[in-house]
Chemist: 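Structure provided below as C-alpha cells; questions to follow.
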Amino acid sequence: AWCELVHAASRLINSTGESRPLEALAGQRVAAFCGIGNPAGFRHTLLSCGYNVAAWREFPDHRNYTRADVDGLARMARDCGAQLVVCTRKDLVKLRVPAIGGVPLRAIGVELRFLEGEEGMTAALQPLISQAKSKGDVVG
C-alpha cells in the first residue's frame, strides 16, 4: 500500500501531559526556544500556528539545559511580555517544569497526518494487528 503523510502541529502540551488546542494562543505574544537539529522548521511551525513570536532563542541540538539557561529564558520571557513560553516536546521532556520565570511553558505536539492512502494502509496493516491480538502481543 502507498500513502503520503505529513508532520503537522496538533496541540499544546504541558509538563503533565495536559493539552489545549493550538488556536488557544493564536495572536498572543510567546517566547520560544528549542534545542533541535532544525530550529528553522520549529520557528516556521510557530508562525503557521499564528503565534506572535516576540522572543526567540536557539540552543545546540541535544542540549542539556542548565540553571543559567533557564534563568536566561525566564529573563527573555519577562522582557518581551510573553503570555507563554513555547518549545518542542523534546525540550519539554528535558526541562520537566510547568513554567519558566512564572510564565507557563508548553510544547507543540506534532503528529503524522495522512494526506492520501489511509484506507489502503489500514487495510494492509489489519491482518498483522489481528494476528498480534490473537497471540496476545497487542492489547485493545
Chemist: Excluding sequence neighbours, so at least two apart, what forms side chain to side chain contact (heavy atoms under 4.5 Å, CB included) with Ser10?
Modeler: Glu111, Arg113
Chemist: Please answer: with hydrophobic residues joined when any side-chain heavy atoms are less than 4.5 Å apart, are Phe42 and Tyr51 in the same cluster?
Modeler: yes
Chemist: Considering residues at least two apart in sequence or located in another chain, which fulfil the salt bridge (charged side-chain N to carboxylate O under 4.0 Å, His left out) criterion with Arg96?
Modeler: none
Chemist: Nearest 0.5 Å please: distance from the CG atom of Leu125 over to the OG atom of Ser130.
Modeler: 10.5 Å
Chemist: Treat each ILVMFWY residue as a node, draw an edge where side-chain heavy atoms are under 4.5 Å apart, and state whether Phe59 and Val70 are in one component.
Modeler: yes
Chemist: Say you draw a straight line from CG of Leu46 to OG of Ser48; how long is it, rounded to the nearest 0.5 Å?
Modeler: 7.5 Å
Chemist: How would you list, by chain and number, every residue that makes a side chain to side chain donor-acceptor pair (under 3.5 Å) with Asn14, sequence neighbours excluded?
Modeler: Thr16
Chemist: Please collect all side-chain hydrogen bond (donor to acceptor under 3.5 Å, both in side chains) contacts where either partner lies in residues 27-45, sequence neighbours excluded, each pair once.
Modeler: none
Chemist: Quick one: list whatever passes side chain to side chain donor-acceptor pair (under 3.5 Å) with Arg20, sequence neighbours left out.
Modeler: none
Chemist: Give me the atom names and distance for the closest heavy-atom approach of Ala26 to Cys49.
Modeler: CB-O, 4.0 Å
Chemist: Take Leu95 and Ser15, measure what side chain to side chain contact (heavy atoms under 4.5 Å, CB included) needs, and give me the verdict at the end.
Modeler: CA-CA 8 Å; Leu95 289 168; Ser15 61; over 6 Å; no
Chemist: For Asp79, which residues count as a salt bridge (charged side-chain N to carboxylate O under 4.0 Å, His left out) partner, sequence neighbours excluded?
Modeler: none
Chemist: Sequence neighbours excluded, which residues qualify as salt bridge (charged side-chain N to carboxylate O under 4.0 Å, His left out) partners of Asp91?
Modeler: none
Chemist: How about Val30 and Asn52: do any of their side-chain heavy atoms sit closer than 4.5 Å?
Modeler: no
Chemist: I'd like to check the side chain to side chain contact (heavy atoms under 4.5 Å, CB included) partners of Ala77; sequence neighbours left out, ordered by chain and number.
Modeler: Ala31, Ala82, Val85, Val103
Chemist: Rounded to the nearest 0.5 Å, how far does CG of Leu22 lie from CZ of Arg106?
Modeler: 12.5 Å
Chemist: Out of curiosity, Leu73 CG to Ile100 CD1, how far, rounded to the nearest 0.5 Å?
Modeler: 5.0 Å
Chemist: Which residue pairs satisfy the ring-ring contact (aromatic ring centres under 6.0 Å, His included) criterion with at least one member in residues 11-39, sequence neighbours excluded?
Modeler: Phe33-Tyr65
Chemist: Any chance you could measure Leu105, atom CG, to Leu84, atom CG, to the nearest 0.5 Å?
Modeler: 7.5 Å
Chemist: Considering only residues two or more places apart or on different chains, which pairs with a residue in residues 63-72 satisfy salt bridge (charged side-chain N to carboxylate O under 4.0 Å, His left out)?
Modeler: Arg63-Asp69, Arg67-Asp71
Chemist: Side-chain heavy atoms under 4.5 angstrom apart, residues restricted to Ile, Leu, Val, Met, Phe, Trp, Tyr: same cluster for Val97 and Leu12?
Modeler: no
Chemist: Using the salt bridge (charged side-chain N to carboxylate O under 4.0 Å, His left out) rule, collect all pairs that involve residues 48-62, keeping only residues at least two apart or in two chains.
Modeler: Asp61-Lys90
Chemist: Test of understanding: with side chain to side chain contact (heavy atoms under 4.5 Å, CB included), list the residues that count as partners of Glu23, not counting sequence neighbours.
Modeler: Pro21
Chemist: Compare every heavy atom of Arg11 with every heavy atom of Arg89, then report the nearest pair and how far apart it is.
Modeler: NH1-NH2, 3.6 Å
